[in-house]
Amino acid sequence: RTELEEFVTISSNTNMIVDFLVFLTALFLFLYYRGTRNYKKYKLRGLRQAEPIWPFGSAHNWKMLFSKKIGVASQYSVFMGTELEKEKMFGIYGHPDNGDALVINDMDLAKRMLVKDFDHFVDRTAFGLKFDEDDESDMIFAHSFMMQKGDDWKKNRNLMTPVFTTGKLKLMYSLLEKCGKQLENHIVACSEKNEEIDSKDIFSKFALDGIATSGFGIESNSFKDPDNIFRKMVSDVMRHPGSESGKPYEVAKIVLKGIIPAIQYVVSAPNFSPKGTLFLKDVLKKTIAHRETTHTKRNDIIDLIVDQMENKKGAETKREFESKFEEDAALDMSGVQETKDKVDKEKILVSNAFLLFVAALDTTSSTLTFIMHFLLKHPEVQERARDEIMEVIGTSKKITFDQIQDLKYMDKVIYETLRHYHPFPHIIERECTKDYLIPGTDYVVKKGEVVNFTFLYERMKKDNESFYNSSEYDPENFDASNNPDSFSFLGFGQGPRNCIGKRYAMISIKIALVSILRKFRVVKSKNTTEKLEQYKFLSGADVTFHAIPLEEIEE
């Protein structure tokens, strides 16, 4: 090769490198501009804001990623003790749906937005999920009533509400009671061997079996057969540790996609495990086909939804509110036109049964885990809960639905636990559906903007006027004689978009607690920690204990 040829080759390679660096610089500047162009939005509109750092947004995001003490469930706690805590509302950046969000820090304003002026905030956000219409697993979740918007949501919420009334849940109670017996048998076996018990593990199995039997018509005993295919597929859908989709790398991709949406164009990060989701769909389709062929009924959620869709005799036509929580959730259906299209029974059943797993599995198991932490830490609360169980139920072999309902102190234990720790407090938010002038101000929330109420949940744990002993763990905070502010308790949300499965959750949790406390005292084990540390990116915590038979204590 001549010197000229070598010079031309080197020069060409140098130009390629320079061109590539110029391209990367231009791309970086473009992304930086796109990401930061609205970083003064709230300041320009006269509000305080949590200053952002590109590409993560405000402190709730980047501290969650880089601080050991902050996780997804506690990310909004970073604003406690700052100047923003004094504000009625303030702006944050880095929201996965809209790029930013207005944080509400005033209980009266929250009540107006969530209840009285609900027609301005009808829709939930997508929680950072970007649904692909060509992805079948995405569409299953997208068609669930929780993710629907506007009148479509109203029609399906109105359809589903009667399924979770006290009367309907009483019909399926025996299915859940059987799961409680399976849990009790497992605790007996662990106690006999003096084994340390992992709360999250046993309560995940209990919750899974409950949802399998009540939502999918499948009899399951995850204590006897922990490696059954149904449990494996559900674990994959929920990204539980040990599952294929629950590997740290897979979870990290999902978390980063929520904070930096552009990540999804670089790496594959499906919202749900296609393998697990399609397996559950196939199971449910076979169950539905079997019911239609054999005309069998179990009074489970499948039957109740089908009855409601077909408007059979016995379906509820008139709502009677059992609490202010339910009254605030009442929907105004005037102006909502019923569709003339044929109802897709399979789509409704599959999507909402899948939603039951997504919404109920980890919330139930994590809440029980948090309760166990407090029962270990506060033996006097445990003893009082047990006293109530013995007074209401005693040693009766058969535990009735009405007895579970009569455990009022246990209700307070559950509420007080959720006041301190919640599996998913960060999702208490709404999307503005029509421009809204905030009362007493000149600030307008514009259609499409996100309003977040999670900071109020963090304040609920602190000294405040909503609860008489708010700074301590005290179930009497929810005793009627102490005048608790029921709206301030955000454990099940508020307004028409509140948790439709609250009754189901309460019954399941109480069955599990009765199954343990009626015959055992739970005590700390060698791995029990004094402080509850929630998982960073998933719901739950590590809480271990030993179960001591009451008969041994009495001896």
Using a strict 4.0 Å threshold on nitrogen-to-oxygen distance, state whether Lys86 and Glu83 make a salt bridge. yes
Just checking Arg34: does its CZ atom have more than 12 heavy atoms from other residues, nucleotides or ligands closer to it than 6.0 angstrom? no
State whether a side-chain donor-acceptor pair under 3.5 Å links Tyr93 with Asn38. no
Take the angle between the ring planes of His378 and Tyr473 and call it parallel below 30°, perpendicular above 60°, tilted in between. parallel
Looking at Gly71 and Met64, what are the two nearest heavy atoms and their distance? C-CG, 3.7 Å
I'd like to know if Asp201 pairs up with Arg231 as an ion pair, taking the criterion as any Lys NZ or Arg NE/NH1/NH2 lying under 4.0 Å from an Asp or Glu carboxylate oxygen. yes
Got a salt bridge between Lys200 and Asp362, using NZ or NE/NH1/NH2 to carboxylate O under 4.0 Å? yes
Does a salt bridge link Glu196 with Lys524, judged by any charged N lying under 4.0 Å from a carboxylate O? no
Is Lys434 salt-bridged to Asp119, going by a charged N under 4.0 Å from an acidic O? yes
Sidechain N-carboxylate O distance under 4.0 Å for Lys412, Glu476: yes
Can you tell whether the side chains of Lys461 and Glu458 come within less than 4.0 Å, N to carboxylate O? yes
Angle class for the Phe90/Phe79 ring planes (parallel below 30°, perpendicular above 60°, tilted otherwise)? perpendicular
Answer with yes or no whether the side chains of Asp117 and Tyr436 bring together a donor and an acceptor at under 3.5 Å. yes
Salt-bridge criterion met for Lys232 and Asp236 (N-O under 4.0 Å): no
For atom NZ of Lys446, decide whether the heavy atoms of other residues, nucleotides or ligands shown that lie under 6.0 angstrom number more than 12. no
Between Glu431 and Arg497, does at least one N-O distance fall below 4.0 Å, as a salt bridge requires? no
Could you verify whether a donor N or O on one side chain and an acceptor N or O on the other, from Glu449 and Asn98, lie under 3.5 Å apart? no
With the threshold set at 4.0 Å, does a side-chain nitrogen-carboxylate oxygen contact exist between Glu533 and Lys69? no
